[in-house]
Amino acid sequence: MDASVIVVGAGPAGLMLAGELRLAGVDTIVLDRLPERTGESRGIGFTIRTMEVFDQRGLLPRFGEIRTSEEGHFGGLPLDLAALNAAHASARAVPQSTTESVLESWARELGADIRRGVEVTGLAEDGEGVTVIVRDSARALRARYVVGCDGGRSTVRKLAGFDFPGTPATTELFLADLKGVDLEPRMTGQPTDGGLVMVAKLPGGIHRIIVGERGTPPQRRSGPPEFGEVADVWKRLTGIDLTGAEPVWVSSFSDAARQATEYRRGRVLLAGDAAHVHLPAGGQGMNTSVQDSVNLGWKLAAVVRGTAHEALLDTYHGERYEVGRRLLANTRAQSLLILGGEEVSPLRETLGELLVHPEVVRHLAARVSGLDIRYDVGSGRSPLLGARFPHLDLAGERGRTTSTALLRTGRGVLLDLDGNATLRGRADAWRDRIDIVTATPVGVPDGSDLKGTSAVLVRPDGHVAWAAPGSHHDLPMALDRWFGPARQARE
């Protein structure tokens with residue numbers, strides 16, 4: 001084997017996955033067909049959940065100063081993200097080129113082998129691994145597993161025969177980064193009489209615009225659109241002439257919505273846009289892609305290292321497929337609200353009326369922020385089960401820390417909040433895979449789901465796998481399910 005895992009695609013999903021695998025000590029090769037990073041801005045922000053995920057791995061300081069906002073939207077209707085009372089706000093104006101640079105540096109520091117200018121043209125799976133055929137190379141590569149993180153037109157998905165059903169595109173939208181203009185920011189997804197317009201300010205005096213004219217069917221293009229075409233649509237919808245602006249980057253996209261029917265076929269898996277494409281409403285695409293990789297990385301690493309049951313890999317599809325399905329549902333709903341004509345005005349009006357209710361705001365804000373994700377980890381009474389473990393200040397024998405900082409190593413954490421030596425002893429046989437920490441919560445607000453909780457088992461992705469009291473299965477059973485057999489059993 002050339003590596004235990006070959007990741008195809010060096011975008012945010014592929015680089016995040018490479019870092020996660022290397023954090024767990026798994027040898028990883030990343031292949032990308034482009035000779036170097038494009039430098040294109042593409043996705044320009046992080047949802048609250050992605051901010052949490054990056055914080056879990058200690059990555060946020062690498063981005064420098066991040067401009068944050070508590071303003072969001074659903075289909076062009078404003079949402080106050082402060083209603084979620086989260087430890088982070090969403091990030092604004094972080095170009096995808098910066099994200100890729102940060103993640104690549106992190107993955108390389110951890111030992112990932114990133115190879116650019118390498119195009120995959122064939123795959124052949126057998127009982128022991130996958131052979132990866134590369135263009136213009138006399139020698140194929142071999143790995144135990146291959147993960148396609150190569151975007152919406154994924155070569156890996158096509159070569160491995162994954163089904164990719166969904167709804168075709170009905171509208172083409174344009175995206176451009178411009179210099180030499182001064183435009184007033186417009187809320188993401190703001191509809192106009194004739195379609196959609198959006199303006200966001202990026203670093204370096206660049207303005208990002210997105211524009212889509214209602215009823216404009218997508219064209220088959222061999223390359224990016226001409227800027228003049230974008231400027232014409234912008235003028236028709238806004239009356240503003242952009243012909244004097246300098247285009248830095250121009251692209252087009254559509255409202256097509258598709259999802260792979262399975263995220264794993266034997267030794268080949270999909271993550272990110274290779275598994276799901278949709279209208280990028282609220283920037284959820286890149287963020288969901290990063291979170292796919294955080295869910296998959298520790299599971300694939302545990303199976304490769306032989307510490308966990310292979311069935312653990314099946315939970316990747318079980319958990320992330322449902323997230324992807326709900327993602328397509330909410331972005332298709334937003335597409336109707338943003339790109340629909342007069343016929344959807346009653347729907348916009350009704351939703352606007354509902355958004356005066358705080359519970360509706362919290363529900364939709366959690367949906368677009370990624371904070372409503374709850375996995376099926378087993379039955380029980382605890383409201384923490386399957387949900388992300390919130391940021392919590394802790395005081396222990398080693399001083400002050402946080403629940404977020406405990407996840408920096410990419411290992412699971414058994415957090416004993418009650419000083420229970422017997423409980424810790426029951427987990428001792430899993431110390432090679434989890435950290436066992438005794439600490440006392442500091443400043444838990446009244447009404448918190450943590451009230452009355454004496455211990456939690458937190459997975460490496462930050463989701464709660466077991467809680468006491470409230471879980472209907474015991475701790476060793478949960479440890480075995482998520483982290484594999486006890487050390488004595490494996491020995």
Side-chain angles (χ1 to χ4, degrees), residues 24 49 52-53 55-57 85-87 294-295 298-299 302 307-309 312 315 319 371 373-490:
R49 181 56 185 152
E52 292 179 344
V53 164
D55 197 7
Q56 287 172 185
R57 297 298 184 256
N85 196 29
V294 174
N295 183 284
W298 65 276
K299 297 174 180 178
T307 58
H309 310 281
L312 182 62
T315 69
E319 293 179 348
L371 300 191
I373 297 169
R374 182 183 297 272
Y375 300 134
D376 181 7
V377 298
S379 60
R381 300 184 309 276
S382 174
L384 294 171
L385 286 173
R388 82 199 208 289
F389 192 64
H391 181 86
L392 183 65
D393 291 322
L394 300 167
E397 295 178 353
R398 300 179 182 178
R400 296 289 289 267
T401 187
T402 67
S403 56
T404 301
L406 294 178
L407 293 167
R408 298 275 156 80
T409 61
R411 289 160 54 90
V413 176
L414 176 63
L415 182 56
D416 173 15
L417 301 172
D418 207 28
N420 189 332
T422 301
L423 179 78
R424 298 194 301 275
R426 296 176 72 193
D428 192 63
W430 283 269
R431 280 186 181 272
D432 58 328
R433 283 150 284 170
I434 68 168
D435 295 323
I436 302 175
V437 178
T438 301
T440 302
V442 177
V444 179
D446 292 337
S448 168
D449 292 339
L450 288 162
K451 287 292 186 181
T453 301
S454 59
V456 289
L457 176 64
V458 184
R459 309 186 323 185
D461 59 1
H463 284 260
V464 176
W466 175 90
S471 295
H472 288 171
H473 53 282
D474 60 18
L475 177 60
M477 186 182 300
L479 287 163
D480 180 87
R481 177 184 180 186
W482 297 108
F483 298 97
R487 185 171 55 243
Q488 298 95 320
R490 291 193 294 113

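Just the heavy atoms: all of them, side chains too, but no hydrogens, waters or symmetry mates, feed the values below.
Using a 4.5 Å heavy-atom cutoff, the side chains of W430 and W482 are not in contact. Taking 4.5 Å as the limit, some side-chain heavy atom of L384 sits within range of a side-chain heavy atom of T453. Taking 4.5 Å as the limit, every side-chain heavy atom of L417 sits out of range of all side-chain heavy atoms of T440. Looking at heavy atoms from C-beta onward, V458 lies in side-chain contact with L407 at the 4.5 angstrom threshold. Using a 4.5 Å cut-off on side-chain heavy atoms (C-beta onward), L406 and D435 make no contact. Residues W466 and V377 fail the side-chain proximity criterion, which asks for heavy atoms closer than 4.5 Å. Residues L479 and R426 form no side-chain contact, since every pair of their non-hydrogen atoms from C-beta on lies 4.5 Å or further apart. Side-chain contact between R381 and H472 is present, with heavy atoms from C-beta onward closer than 4.5 Å.
Considering all non-hydrogen atoms of both residues, V456 and A467 come closest at CG1-CB, 4.1 Å. Summarising the geometry of P390 relative to S403, their closest heavy-atom pair is O-OG, 2.9 Å, with the distance given to 0.1 Å. Here the closest heavy-atom approach between residue A308 and residue L312 is recorded as CB-CD2, 3.8 Å. Contact record, V294 with R57: CG1-NH2, 4.4 Å, taken as the closest heavy-atom pair. Closest of all the heavy-atom pairs between D416 and A455 is CA-CB, 4.4 Å. Closest approach of A486 to A429, counting heavy atoms only: CB-CB, 3.7 Å.
A donor-acceptor contact shorter than 3.5 Å links the side chain of R433 to the backbone of F483. Remark: side-chain polar atoms of R411 are not paired, donor with acceptor, to backbone N or O of A24 under 3.5 angstrom. Between the N420 side chain and the T422 main chain, a donor and an acceptor come within less than 3.5 Å of each other.
Between E319 and R459 a salt bridge is recorded (basic side-chain N to carboxylate O distance below 4.0 Å). Salt bridge present: R408 and D55 bring a charged side-chain N and a carboxylate O closer than 4.0 Å.
Here T438 pairs with R424 under the side-chain hydrogen bond (donor to acceptor under 3.5 Å, both in side chains) rule; sequence neighbours left out. Applying the side chain to side chain contact (heavy atoms under 4.5 Å, CB included) rule to V444 yields the partners L392, P441, S448, L450, K451; only residues at least two apart in sequence or on another chain are considered. Partners of T315 under the side-chain hydrogen bond (donor to acceptor under 3.5 Å, both in side chains) rule, at least two apart in sequence or in another chain, are K299. In this structure R400 satisfies the side-chain hydrogen bond (donor to acceptor under 3.5 Å, both in side chains) test with no other residue, sequence neighbours excluded. Residues satisfying the side-chain hydrogen bond (donor to acceptor under 3.5 Å, both in side chains) test with T404, not counting sequence neighbours, are H391. Residues meeting the side chain to side chain contact (heavy atoms under 4.5 Å, CB included) test with R481, sequence neighbours left out: none.
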### Query
Given H309 and D480, is the side-chain hydrogen bond (donor to acceptor under 3.5 Å, both in side chains) satisfied, shown in steps?
CA-CA 9 Å; H309 310 281; D480 180 87; 3.2 Å; yes

### Query
For F389 and L415, what are the C-alpha separation, side-chain angles and deciding distance, and is it a side chain to side chain contact (heavy atoms under 4.5 Å, CB included)?
CA-CA 11 Å; F389 192 64; L415 182 56; 4.0 Å; yes

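Here the straight-line distance linking atom OG1 of T401 with atom CG of D393 works out to 9.0 Å at 0.5 Å rounding. The distance from atom CD1 of I373 to atom CG of N295, rounded to the nearest 0.5 Å, is 9.0 Å. Once rounded to the nearest 0.5 Å, the distance linking OG of S382 with CG of D449 reads 7.0 Å.
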